[in-house]
Amino acid sequence: MSATPGTTRDIVDQHIQIDGLPLRLSDTAGLRDAADDVEHEGVLRARAAMQQADRILVVVDDSRDVDLQVLMTRLPPGVPATVVRNKIDLSRRQAGTVTTPMAVEVAISVLTGAGLGCLKEHLKQSVGYETAGEATFIARRRHLDALNRARERVLMGKQLLVQQRAGELVAEELRLAQQSLSAITGEYTSDDLLGRIFSTFCIGK
């Protein structure tokens with residue numbers, strides 16, 4: 001908490017789904033010259049979160065003059081970015097997606113909903129999601145790697161259960177499998193896993 005109005009340093013995460021595609025959105029402080037210690041901390045946390053992101057959405061107010069060239073130089077290198085021009089209901093810009101030498105830009109209005117479909121399609125394409133008839137999903141390489149790691153842990157757990165009746169070792173394999181899946185679906189703790197197990201199966205002592 002801070003006594004200074006209008007300042008924040010916390011990152012707010014929200015899990016959403018777009019046509020079955022799970023995404024985690026992180027709302028951070030803006031990248032600008034901090035006026036006080038609280039805002040400075042928020043900028044530091046924002047940079048750290050962006051460095052771990054698969055894509056950065058740079059949301060700007062399209063009804064105001066924004067120097068995108070300067071703004072883009074403040075982003076962490078190596079992370080793809082999309083400029084989201086909001087408030088086109090005020091700027092009168094046409095909704096849609098355009099590619100500029102600097103970045104892909106999506107023009108939207110959160111107020112009217114204009115362009116939101118374009119933004120959803122852009123996000124799906126960015127992670128390799130394609131819809132063809134029965135919604136074909138082409139996963140990213142890291143998603144496939146995570147699924148393979150989870151499958152290996154589950155198979156190992158099954159082998160331990162059948163051959164050694166080692167429940168504690170099975171639990172560890174399931175925990176490691178859960179960690180791999182969390183890379184795709186978002187945070188899922190060990191307590192969540194145990195809660196699901198005990199709510200589904202009758203386990204004797």
Side-chain angles (χ1 to χ4, degrees), residues 8 10-31 45-60 75-76 78-86 95-97 99 103-110 113-158 170-201:
T8 182
D10 295 327
I11 296 174
V12 180
D13 290 330
Q14 179 67 48
H15 294 272
I16 66 171
Q17 286 197 11
I18 300 177
D19 295 338
L21 171 67
L23 295 175
R24 184 179 70 181
L25 301 180
S26 297
D27 182 20
T28 73
L31 297 184
R45 295 187 183 187
R47 289 188 180 280
M50 291 178 188
Q51 289 173 351
Q52 300 298 320
D54 295 309
R55 177 166 293 271
I56 299 172
L57 299 181
V58 183
V59 183
V60 298
L75 302 181
V79 183
T82 298
V83 176
V84 180
R85 292 183 173 274
N86 188 28
T97 305
T99 301
V104 175
E105 298 185 6
V106 185
I108 69 167
S109 169
V110 172
L116 292 182
C118 297
L119 179 57
K120 290 179 181 179
E121 288 301 319
H122 171 68
L123 293 176
K124 289 193 295 183
Q125 293 174 9
S126 297
V127 298
Y129 185 98
E130 295 183 2
T131 303
E134 289 294 326
T136 302
F137 179 74
I138 300 177
R140 298 184 62 179
R141 179 75 261 168
R142 70 181 186 89
H143 288 177
L144 293 176
D145 291 341
L147 289 172
N148 285 330
R149 292 196 303 270
R151 179 177 181 271
E152 290 173 359
R153 293 299 182 179
V154 171
L155 291 177
M156 178 60 70
K158 178 181 178 181
V170 174
E172 175 63 13
E173 295 297 329
L174 291 177
R175 186 186 67 81
L176 294 173
Q178 162 252 310
Q179 285 184 345
S180 296
L181 293 177
S182 292
I184 303 174
T185 62
E187 186 65 23
Y188 191 74
T189 67
S190 299
D191 289 339
D192 295 329
L193 178 63
L194 291 174
R196 179 63 59 88
I197 292 175
F198 281 104
S199 67
T200 307
F201 301 99

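In what follows, residues are counted from 1 in the order of the sequence shown.
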Requested in this report: Just do the side-chain contact (heavy atoms from CB on, under 4.5 Å) check on L155 and R151 with the steps written out, would you?
Outcome: CA-CA 6 Å; L155 291 177; R151 179 177 181 271; 3.7 Å; yes
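- Of all non-hydrogen atoms in A103 and A81, the two that sit nearest each other are CB-O, 4.0 Å.
- Between E152 and R149 there is no salt bridge, since no side-chain N of the basic residue sits under 4.0 Å from a carboxylate O of the acidic one.
- Taking each heavy atom of V154 and A177 in turn, the nearest pair found is CG2-CB, 4.0 Å.
- The shortest distance between side-chain heavy atoms of S126 and D54 does not fall below 4.5 Å.
- For I16, the side-chain contact (heavy atoms from CB on, under 4.5 Å) test picks out Q14, I18, L23, L25, with sequence neighbours left out.
- Take L116 and apply the side-chain contact (heavy atoms from CB on, under 4.5 Å) test, not counting sequence neighbours, and it matches I108.
- Rounding to the nearest 0.5 angstrom, the gap separating the CD atom in E105 from the OG1 atom in T82 is 10.0 Å.
- Here the closest heavy-atom approach between residue N86 and residue S109 is recorded as OD1-CA, 3.6 Å.
- The line from CE of M156 to CD of E173 is 6.0 Å long, rounded to the nearest 0.5 Å.
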query = Going through the checks in order, is the side-chain contact (heavy atoms from CB on, under 4.5 Å) test met by R55 and H122?
reply = CA-CA 11 Å; R55 177 166 293 271; H122 171 68; 4.0 Å; yes
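- S26 meets the side chain to side chain donor-acceptor pair (under 3.5 Å) test with D13; sequence neighbours excluded.
- Heavy-atom minimum distance, P76 versus I56: CD-CD1, 3.8 Å.
- Atoms NZ and CG, on K158 and L174 in that order, are 13.0 Å from each other to the nearest 0.5 Å.
- When side chains are defined from C-beta on, L123 counts as touching L57, because their heavy atoms get closer than 4.5 Å.
- Annotation: salt bridge (charged side-chain N to carboxylate O under 4.0 Å, His left out) contacts of E172 (sequence neighbours excluded): R175.
- Listed by chain and residue number, V58, V66, L68, L71, V83, R85 satisfy the side-chain contact (heavy atoms from CB on, under 4.5 Å) test with V60 (two or more places apart in sequence, or in another chain).
- Within the model, atoms NZ of K124 and NZ of K120 stand 9.0 Å from one another, a figure rounded to the nearest 0.5 Å.
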